[in-house]
Amino acid sequence: MVGDTILKLNHISKLYPGVTALNNICMEFREGEIHAIVGENGAGKSTMIKTISGAIEPTQGTIEILGEIFNKLSPKISRQKGVAVIYQEFTLIPVLSAAENIFMGEFLMNGIVLDNKEMGKKASELFERLQVKIDPKTKVADLTTGFQQIVEIAKAISKKAKILIMDEPSAPLTITEVEVMYNIIDTLKEQGVTIIYISHRLEEIFRLSDRVTIIRDGCYVTTLNTKDTNKQEVIKYMVGRELTESYPERTNKAAETVMNVHNLTGNGVKSISFNLKRGEILGMGGLVGAGRTELAQLIFGSEKIVSGEIIYKGKALTVKNCEQSINAGISMIPEDRKRHGVILDMTIKDNITMPSLKRISKRNVINQKKEIEVTKLYQNSLEIKTPSIFQYVKNLSGGNQQKVVLAKWLARNPDIIIFDEPTRGIDVGAKQEIYQIMNNLANEGKAIIMISSDMEELIGMSDRIVVLNKGRMTGILEKKDISQENILLKAVGAN
Amino acid sequence: GSKESNTDEKSSTADVTNTSEVTNTAKEGQSLDTYKVGMTFNLGNLTWAELTEEAKKKGESLGLEVTVQNDNDDVTTQVSQIENFIQAGMNAIVVAAVESNAVEDVCQEARDAGIKIIAYTQTIENSDAQYLVDAYNTGYACGEAASNWIKENYGDQEVEWALEDLPKYPEIIDRANGIKDAIAKIAPNAKLVATQPAEVMEDGQKNAENFMQSNPNIKVICSIGSGGGAGANEGVKSYISKDEYSTFGIFGIDATEQEIMNIINGDPQKVSISLGGGATHGDVLMEIAYNFWTGKEQETKQYMPITVIDSSNAQQYYDEHFKK
Amino acid sequence: MEKILRRKEFGVLMVLFALIVFFSIVSPQFLQAKNFFNITKQIATVGIVSVGFTFVLITGGIDLSVGYQISLDIVVVAVLMRTFGVPWFLACIIGIILGIIIGLINGMIIVKSHVAPLIVTLSMMTILKGLSYLITNGLAIFKFDKSFVALGQETIGGVIPISLLFFVAIIIIGGFILNKTVYGRYFYAIGNNVEAAKLSGVNVERVQLLAYGLCGFFTSIGAILMLARLNSAQSSTGDGYEFNSLTACVVGGVSANGGKGTIAGAIIGCLIVGVLQNGLAIMNINEYIQEVIKGVVLLIAVVYDTLSLLRNEKIKKIKTINADN
Amino acid sequence: MEKILRRKEFGVLMVLFALIVFFSIVSPQFLQAKNFFNITKQIATVGIVSVGFTFVLITGGIDLSVGYQISLDIVVVAVLMRTFGVPWFLACIIGIILGIIIGLINGMIIVKSHVAPLIVTLSMMTILKGLSYLITNGLAIFKFDKSFVALGQETIGGVIPISLLFFVAIIIIGGFILNKTVYGRYFYAIGNNVEAAKLSGVNVERVQLLAYGLCGFFTSIGAILMLARLNSAQSSTGDGYEFNSLTACVVGGVSANGGKGTIAGAIIGCLIVGVLQNGLAIMNINEYIQEVIKGVVLLIAVVYDTLSLLRNEKIKKIKTINADN
Ligand SMILES: Nc1ncnc2c1ncn2[C@@H]1O[C@H](COP(=O)(O)OP(=O)(O)OP(=O)(O)O)[C@@H](O)[C@H]1O
Ligand SMILES: Nc1ncnc2c1ncn2[C@@H]1O[C@H](COP(=O)(O)OP(=O)(O)OP(=O)(O)O)[C@@H](O)[C@H]1O
Ligand SMILES: [Mg+2]
Ligand SMILES: [Mg+2]
């Protein structure tokens, strides 16, 4: 039941200082289709979405919704025209309840008073449709990232949208939740909603979409019928060259144990025990809220240990804060890149040298020459795409931001690196590069802990996998036992 | 024991006769053994800080229980403080009104509760006693001293002068008018070339520098208070050499220790008008309160003495008031 | 809702109770109905201003001009009544309109220029100060209509001050706006995440404008009550009220960074400051030591409040662990 | 680096130049070396305090106690010299140590209790005020050693005030700390994103402590210069300096939300305020009108500054378009 053109972009360009985010894009979307958009990090996908939703004004070009032509839109007009958006960045207000967030901007009223009852009821209905149990009265701040994302979805579909745009909606979700979301999308499609779907997970594109449009460096490349194409072809259009999606082999085998974790308890996790060897990648699996991030924080020393101990290099590790654990040789790439990984309003150089600043200083006076040297070194080796190392990190695309985070820890030369969702929201090309870097690090004899909700990646990269369920360790899988089924069994707590 | 010593103090400090009036003036619930006096003052003001310190000492010697509150120069705070004094069961309240009209109603409330209101510096209609400054004449005395100095040193020459005023307070506006009128009358050839407000010394100093910059020929600066006077003294010294000190005249009001020292040291400051000094006022106010306690008759309105302090009497004034 | 409220303001409420208990024990005059009404009269203006201030703080802004807004408001109302013989009721309405206009001007400049509210309202403070002094020349204007003065001084049935009624009414209106209306939600939304609010279709500019306008509105009402209480208008009167309101709000848990706080909290903050001042004054303590005590108590109050909040969160975390097992 | 700096402060620098040109035209006395030194003497203290204030603001904090820090510092130094006969040099050192200690106490409370800096330093302000008055009983202490007073009043070669040398030295030290040292970088990092900074191994507590300590240090130096200039110590002296410093910093583009600003900006801010005050005073304009003008000029200055930043970005955009085609 795919019908006429519902939305059309005419010669859309968007320029930022030093960056052409969109370059003369022309394309159209048909009523009732699921239209996927793919492209590398920084290709301009989010920017395009934002011109449609009215969040930003295009520098040039017009947008046509149902035959009506606009030079620019505002969030309000766009929504009146039936466009609803799930942005890549959260648009929830943490202190307000789930129900209030869903109706933000269009509250239900009872006279001049907010109709909280009705909103609560409607929200409950929405959550039922989405098959999740969330109390509409819960403050969003008290929900986990996964549930927050579901509130975002509920918020978008509450609007009876004709066009629903989803910018990487699955990034913060784990497998079970993604399934739930697929079902929602299928239902919406049946109802005739046009869906624009952006994702770096190609399997999703092939599972869901009718057509797929590829964007590269702000330019429109092509639009394909999904059933007439394959992953290889899409990737080729995306990166402009042949690239195979695979997990590189490691030469070096795990050697001596560098860290022993005994009965570690605190920060919401309990009685965790495992060991970590040089040269291995230890995976961590589990459902959303299993407490993997919490465990990582305990090991990294950013949260307090209540009981249990960590033996590191033969000695008990007693650190009071991150500074001490970093000095001991442990580092962490956090899952929330924008909030914890980088400082958006500082330059690439300042971000990369932040953990090693004291090393390139004499009596606390920074050796600026050396600082630039170090930055350039890692900019080149990780191929961070930027006009200048003095660029603010906020102006980089997600993948390049993640590389900045990597660079800042590589510059510190740690022994143990914890990767928490290292490829979330990162394009295939950059993913491969990050896998390669992880492998190189393991080969160099570093010990790596990798938390990932991407099952394929977890299986592909890990030597062993620790599985958590509700803050408890339910098992550790050796290489030979690793399979999707085994991980899921342990993740849901079945023994 | 304390009661006897209080009685001793009483007879030694004032010729008091314990009449039956004491019982008449005291209201029910107010103890006759103690007499509680509340004072609400802006303690950022040097003279008043000195006043309240002396009042506490003097009060103690008279057997009065003195409580001081800092109104921070804020009328609403002051009104609240008077309300709190009423609540706390004071027998008398000394009010240095930030703005007299604003405290009228609450003062009446206090009097209805049998509390004596003693107004200080500013007229309060609803008061039982007032200790006032004749603002205009104080200013006039300052202007007069400046005029005489101009005539002595510059004759009928056209001399430029500047004024440090503070038009935030009505009473101070009167002082400024007094200064201006006196000079216009006695030294009509003197020309007022600049006016800036000064509350504290820092303002006074900054003003003087700016005056000297904009009008280098200024020979006289008059100020409505001691901040302007002592501040101008420091400011002017950075513009003229030591041997020029005698050709420059600064005329202040309040006669603080610092101003008197300036005069004694032969600085540009030539005169300050004394209104008796903070310490003296503290004594007077406590005596007024004491008289209410004992029921002794007194004038309902008293004025502060206006005395010109110049090089002839500065040392003597210093010895009397400040020598420790 | 009620539970959250109770939890959030619990710490400061405890501090307030502790103060009241302490002062009641040490001074017999403190715990009297009369004194309670004294305190409410004394904090009525700062309390009413704080309601508007809370709105602005929640949106992530600040209004340092409220002090001299008060000055200008009372001076204008006074001149209208005394110089132009305008009936007091009409004069008050004009004063309130003036307050709203000043608030809207603040809001308009902030919204249109994107300059930090701090500096816009700081400049506005200076401008309003100058204007207010220009009108009065620094002199006081006084003696108003009896029925007007009654607003600030009289009581109903010889007990309840009229100003307390106004105060309570404003608290109810403020609480209503913040909790029950769309705009209350928008204030929080903007203060928490202005970008997200914008993307959700909230007209951020209009809502900010509203917050400053309401602040001007409430401030003018507070100003009028103060004028009636003092029965005299002077340009220096409002000086420092921005500090007092800020202190009350922040003590009461309204975040100066936006997005957090309640009217109840702000009012408890006002009460803590008011009780502290009143209690210390009644106790007859050296005036300078009073200042030190005031500072120390405020500090203890907020530290206690923050720590009790933190502890609450810890308990919650521990509870989750236990519940899971 | 230099380019970025130049761009950032360009707007306010233009405002400063415009003011100087204007005053030079309307009043011949304005543009004299002597007057330039006057202005620097007049703003030396607020300027020096603003350097420390900038540090604190950049870390995302605020120190409202600087005003009464000044009062306590000068009163203590004065008492040491006059009452205890301590040599002035030693007294100054003790004063500076006192300043550092006060700063560290502020920092310690903020770091350990996680209470908002605004309210901690507001309480501290009240405490310091009380202490300072307790020491002096509100009275003035004056007439100090000639060589001490020279620091604030004398000139070198009859032209350059000694206080200007101190001022310049402090600016250089402040700029050095902020731009060249590890800690300067950490200040920005914390102010921008305290979580990310912590996870990058920045010892946030230590760095915050340092910022407040430095603020106390610079404030005490400013206080000593002021004492020497006034040749008199009084507890009310420092009142309002927190406002003056805040104004100067914010006018100069230091963000009150942390993470943004430079020493150069803060000093330009001080100069704008200082020149404005001096120029208007020299013009001998009615003081109420002066207030209004001051407010309006400040407002125009910051609006112009913000808009010119926005425009800059637009201009760059247009350039990019042209370059692309
Ligand atoms: N506000 C901005 N200022 C400057 N440059 C920007 C801004 N927003 C985006 N860009 C740049 O525009 C380009 C396109 O960014 P956009 O976020 O649309 O990419 P994307 O395709 O969504 O990438 P990702 O997959 O990482 O989300 C990038 O190079 C980015 O650095
Ligand atoms: N339904 C829920 N509602 C609220 N909080 C929850 C819920 N489920 C778990 N949590 C809390 O969330 C935290 C763990 O969430 P988090 O998402 O960080 O875990 P994770 O294993 O790292 O998951 P992710 O796969 O997202 O990385 C724990 O503190 C847990 O108590
Ligand atoms: Mg994107
Ligand atoms: Mg996680």
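Below, all heavy atoms of this structure are taken into account, side chains as well, without hydrogens, waters or symmetry copies. Protein chains get the first letters and strands the later ones, always in sequence-line order, with residue 1 at the start of each.
At a 4.5 Å heavy-atom cutoff, Val46(C) makes no contact with chain B through either its backbone or its side chain. For a residue to count as touching a neighbouring chain, one of its non-hydrogen atoms must lie under 4.5 Å from one of that chain's; by this rule Val106(B) does not touch chain C. Heavy atoms of Gln153(C) lying under 4.5 Å from chain B belong exclusively to its side chain. If you measure heavy-atom distances from Ser235(C) to chain B, you find no contacts under 4.5 Å at all. Interface remark: Glu99(B) contributes backbone and side-chain atoms alike to the contact with chain C (heavy atom separation under 4.5 Å). Of the two parts of Asp74(B), only the side chain, counted from C-beta on, holds a non-hydrogen atom closer than 4.5 Å to a non-hydrogen atom of chain C.
Of the listed residues (Phe142(C), Tyr241(C), Tyr288(C)), the greatest number of heavy-atom pairs within a distance under 4.5 Å of chain B belongs to Phe142(C). Considering only heavy-atom pairs separated by less than 4.5 Å from chain B, the leading option among Ile141(C), Ile282(C), Asn137(C) is Ile282(C).
For a heavy-atom cut-off of 4.5 Å, chain B lies close to Met226(C), Arg229(C), Leu230(C), Asn231(C), Ser232(C) in residues 219-232 of chain C.
Between the side chain of Gln29(C) and the backbone N or O of Gln87(B), no donor-acceptor pair lies under 3.5 Å.
Classification of Lys143(C) and Glu125(B) as a salt-bridged pair fails, no side-chain N sitting under 4.0 Å from a carboxylate O.
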- Task: Apply salt bridge (Lys or Arg N to Asp or Glu O under 4.0 Å) to the pair Glu287(C) and Lys56(B), showing each step before the final yes or no.
- Result: CA-CA 12 Å; Glu287(C) 61 277 12; Lys56(B) 278 190 251 177; 3.1 Å; yes
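Of the inter-residue distances, the one linking Asn72(B) atom CG with Glu291(C) atom CD reads 6.0 Å to the nearest 0.5 angstrom. Atom-to-atom distance recorded for Thr67(B):OG1 and Met283(C):CE is 11.5 Å, nearest 0.5 angstrom.
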